[in-house]
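Data block below; observations after.
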Amino acid sequence: MKQQLKEVVESALIELRKSGALQLEHAPQILIERTRDQSHGDFATNVALVMAKEAHTNPRELAQLIVETMPPSDQLVRTEIAGPGFINFFMSDAAYGDVIRDVLRQGELFGRSQIGGGEKVLMEYVSANPTGPLHVGHGRGAAYGAATANLLRAAGYQVHREYYVNDAGRQMDILTASVWLRYLDLCGEEVTFPSNGYQGDYIWDIAATLHRERQDMYHHPADLVMDGVPADAPDGDKEEHIDGLIAQARQLLGEEQYRQIHDEAMKAILGDIRDDLAEFGVEYDEWFSERSLMDDGTVNKVIERLQKSGDIYEQNGALWFRSTNYGDEKDRVVVRDNGLKTYFASDIAYHMNKLGRGFERMIDIWGADHHGYVPRVRAALAAMGEQPEQLEVLLVQFASLYRGGQKVQMSTRSGSFVTLRELRDEVGIDAARFFYVLRKSEQHMDFDLDLARSQSSENPVYYIQYAHARIHSVMRQLKEKEMVWNQREGAENLHLLVESHEKSLMVAISRYPELLESAALQREPHQLAHYLRDLAHELHTYYNAHHFIVEDQGLRNSRIMLISAARQIFANGLALLGVSAPEEM
RNA sequence: GCGCCCGUAGCUCAGCUGGAUAGAGCGCCACCCUCCGGAGGUGGAAGUCAGGGGUUCGAAUCCCUUCGGGCGCGCCA
């Protein structure tokens with residue numbers, strides 16, 4: 001609808017320039033907006049105000065000229081010049097009728113666009129270290145990432161969804177040591193657990209499985225394990241302590257057994273994460289292993305290339321990437337003095353690998369606490385001769401949980417965090433998915449568990465789902481009264497929908513395609529969540545004001561047609577957000 | 001100290017590529033079904049858009065600055 005209007009204005013401007021009535025250096029961008037007030041029509045453009053100065057004329061006169069030059073359109077009833085020089089457009093009933101017919105004809109495809117132009121996008125989200133179950137912070141990234149991926153697909157992007165598995169590195173070693181120590185405990189050894197280890201119950205579970213299946217295969221006496229290990233905090237350094245334990249594990253178990261425990265622990269946790277996300281309706285096309293980048297030499301190749309280009313220097317036995325040359329605030333280590341590559345090194349390799357797979361755009365969704373990491377990755381891309389703009393990082397702020405008006409405290413290491421699974425159990429998948437995307441991602445969010453759990457009017461999820469279910473209920477009623485909805489007759493009688501509630505609902509429905517484009521371009525699923533609530537409000541208001549199942553056949557069929565179109569929008573929109581659209585509640 | 005995010009109604013938040021009288025939900029007050037699901041609807045009270053400057057036809061929106069809050073500034077990941 002908006003697009004058609006834009007073309008009308010565009011052709012007027014072209015005509016005016018061709019005839020010499022208007023002299024401009026370049027064609028202005030035409031911005032057409034929905035009006036806030038119905039008395040201003042359906043759409044308005046400020047194009048005359050924007051161009052007036054350059055055209056050396058006053059805005060109202062220019063607006064008049066544009067209106068007079070516009071080609072006739074059956075979509076428009078009339079136009080008016082308002083205020084300082086806005087052009088207001090009043091759309092015809094036929095234009096709205098076309099939208100309703102389109103919705104039913106296109107069904108679940110309605111609202112999709114090609115604005116993404118088939119661009120190949122790699123979206124990476126969650127990518128939590130497989131060292132423990134997902135918590136509610138990951139949940140927000142998951143819900144946001146999945147919904148944004150859906151939006152981009154609906155807008156004509158080719159989206160590949162990926163989870164980067166950090167299966168290499170020190171965190172995994174700490175996990176391995178943690179599991180092994182719990183296992184030794186189950187073997188009857190008295191070991192004091194490191195303050196820096198992973199303390200959750202899930203570690204016990206993995207250890208118990210290990211103990212059941214392998215019995216005392218990995219058993220070593222506690223005093224031998226602790227021999228020569230630096231003291232833990234508070235007397236010593238907790239980092240040195242845990243590193244000492246890792247070294248002991250490696251030595252006593254040997255690389256092969258160490259690797260077995262490592263892999264078992266990771267398999268268990270990663271499997272749990274996959275299940276968790278799948279149950280949450282968050283899907284991936286690929287789970288990408290960090291270790292594979294080490295094993296196939298990609299990381300080494302990247303470092304060599306940077307060395308050749310002179311972007312790497314050695315200092316204090318470590319290799320540093322000169323990221324300050326590319327806008328970062330300090331240089332970054334890629335290989336530590338102990339020879340280990342940093343996470344950053346493999347991350348450069350990972351992003352180069354993404355580009356190597358032919359993706360034109362990389363969208364990473366990170367927790368806001370990683371924001372300082374963005375410049376260095378961009379710097380690395382620049383140093384590698386790539387366009388840093390190809391990497392788009394979307395930051396997701398923390399979500400604080402509130403229960404009974406009290407903030408729920410969380411800490412990963414101590415194991416006293418709220419897991420995503422617990423959240424799902426408490427409030428349900430639909431409420432969790434919806435609440436997570438109800439707020440702009442870069443906004444700190446207060447997640448009210450009591451509200452999300454409540455199955456009442458104050459909960460916006462149910463408000464929307466109820467609107468959808470209500471329409472189904474009307475259809476059931478229709479059947480019970482042994483009436484059949486004649487869609488063709490409805491389509492022919494849309495002109496009978498003259499009530500203000502009907503007009504409002506049609507306007508809301510016609511906004512959907514514009515809304516989807518906007519939400520996709522700005523990576524803002526919350527726009528869709530808010531829109532659906534507005535649409536639900538229109539539906540409920542209409543429902544209260546008028547009857548759909550009326551005697552007059554033409555009117556009945558056209559009203560059912562209208563609410564069927566609304567139903568389709570609810571179904572389409574909720575699906576993009578990962579929320580179910582129940583037929584009855 | 002430096003960097004990023006944020007500050008809008010009692011609470012939680014939309015609105016921010018400048019546009020007409022600043023919106024929604026919750027809460028509060030008063031109402032609405034002989035009728036398709038009341039998990040609904042109608043009306044009302046409620047604002048120095050944190051403060052101060054600037055840019056212009058026009059600023060919640062852009063720029064500067066002050067104040068307040070969150071996060072980050074490792075040879076951790």
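Order of the sequence lines sets the chain letters (A, B, ...), proteins ahead of strands, with each chain counted from 1.
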Between [N] and [M], how far is it from one [atom1] atom to the other, in whole Å?
| N | M | atom1 | answer |
| --- | --- | --- | --- |
| B:G23 | B:C4 | C1' | 29 Å |
| B:U56 | B:C75 | P | 47 Å |
| B:A22 | B:C16 | P | 16 Å |
| B:G52 | B:U8 | P | 15 Å |
| B:U21 | B:C49 | P | 15 Å |

Are [X] and [N] close enough that a side-chain N or O sits under 4.0 Å from OP1 or OP2?
| X | N | value |
| --- | --- | --- |
| A:Gln315 | B:C75 | no |
| A:Tyr463 | B:G41 | yes |
| A:His537 | B:G41 | yes |
| A:Thr541 | B:U42 | yes |
| A:Arg336 | B:C76 | yes |
| A:Lys330 | B:G3 | no |

Interatomic distance where [atom1] belongs to [X] and [atom2] belongs to [N] [whole Å]:
| X | N | atom1 | atom2 | answer |
| --- | --- | --- | --- | --- |
| A:Asp243 | B:C76 | CG | C1' | 10 Å |
| A:Ile464 | B:A24 | CD1 | C1' | 12 Å |
| A:Leu340 | B:A77 | CG | P | 8 Å |
| A:Phe447 | B:G25 | CZ | C1' | 16 Å |
| A:Arg34 | B:G19 | CZ | C1' | 17 Å |
| A:Gln522 | B:G15 | CD | P | 8 Å |
| A:Ile246 | B:C76 | CD1 | P | 12 Å |
| A:Gln443 | B:A60 | CD | P | 19 Å |

Does [X] come within less than 4.0 Å of [Y], counting only side-chain N to carboxylate O?
| X | Y | value |
| --- | --- | --- |
| A:Glu124 | A:Lys354 | yes |
| A:Arg556 | A:Asp552 | no |
| A:Glu239 | A:Arg170 | yes |
| A:Glu389 | A:Arg378 | no |

Watson-Crick or G-U counterpart of [N], or none if no pair lies under 3.5 Å:
| N | value |
| --- | --- |
| B:U55 | none |
| B:A46 | none |
| B:G72 | B:C2 |
| B:G23 | B:C13 |
| B:G7 | B:C67 |

Counting only side-chain heavy atoms from C-beta out, which of [options] sits nearest to [X]?
| X | options | value |
| --- | --- | --- |
| A:Glu33 | B:C75, B:G19, B:A77 | B:G19 |
| A:His371 | B:G72, B:C5, B:C76 | B:G72 |
| A:Asn166 | B:C71, B:A77, B:U12 | B:A77 |

Presence of donor-acceptor pair under 3.5 Å, side chain of A:Asp347 and base of B:A77:
no

Heavy atoms under 4.0 Å, any strand shown: does [X] hit a base, just sugar-phosphate, or nothing?
| X | answer |
| --- | --- |
| A:Asp331 | nothing |
| A:Phe344 | nothing |
| A:Asp369 | sugar-phosphate |
| A:Ala44 | base |

Before we go on, tell me: are the rings of A:Tyr350 and A:Phe288 under 6.0 Å apart, centre to centre?
yes

Would you please indicate if the ring centroids of A:Tyr463 and A:His540 are separated by under 6.0 Å?
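Judged by ring-centre distance (under 6.0 Å), A:Tyr463 and A:His540 do meet the cut-off.
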
How about A:Tyr313 and A:Asp331: does a side-chain donor come under 3.5 Å of a side-chain acceptor?
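A:Tyr313 vs A:Asp331: donor-acceptor pair found between side chains.
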
Between A:Met445 and A:Gly317, which has a closest nucleotide on RNA chain B that is more 5'?
A:Met445

Start at the 5' end of RNA chain B and walk down; is the nucleotide closest to A:Asn316 or to A:Ala536 reached first?
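Result of the comparison: A:Ala536.
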
CD on A:Gln443 to NE2 on A:His526, rounded to 0.5 Å
9.0 Å

Atom pairs under 3.5 Å: protein N/O with N/O of nucleotides 36-38 of chain B:
from: B:C36; atom 1: O3'; to: A:Gln477; atom 2: NE2; distance (Å): 3.4
from: B:C36; atom 1: O2; to: A:Phe548; atom 2: N; distance (Å): 3.4
from: B:C36; atom 1: O2; to: A:Ile549; atom 2: N; distance (Å): 3.3
from: B:C36; atom 1: N3; to: A:Phe548; atom 2: N; distance (Å): 3.2
from: B:C36; atom 1: N4; to: A:Tyr543; atom 2: O; distance (Å): 2.6
from: B:C36; atom 1: N4; to: A:His546; atom 2: O; distance (Å): 2.5
from: B:G37; atom 1: OP1; to: A:Ser473; atom 2: OG; distance (Å): 2.6
from: B:G37; atom 1: OP2; to: A:Gln477; atom 2: NE2; distance (Å): 3.3
from: B:G37; atom 1: O2'; to: A:Tyr466; atom 2: OH; distance (Å): 2.2
from: B:G37; atom 1: O2'; to: A:Arg470; atom 2: NE; distance (Å): 3.2
from: B:G37; atom 1: N7; to: A:Ser473; atom 2: OG; distance (Å): 3.0
from: B:G37; atom 1: O6; to: A:Met585; atom 2: N; distance (Å): 3.1
from: B:G37; atom 1: N1; to: A:Met585; atom 2: O; distance (Å): 3.3
from: B:G38; atom 1: OP2; to: A:Arg470; atom 2: NH2; distance (Å): 2.3

Atom of A:Asn557, atom of A:Trp485 and distance for their closest heavy-atom approach
O-NE1, 3.1 Å

Stacking between A:His444 and B:G70, defined as ring centres under 5.5 angstrom apart with planes under 30°, is that present or not?
no

Does A:Glu499 CD have over 12 foreign heavy atoms under 6.0 Å away?
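Check passes, neighbour count above 12.
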
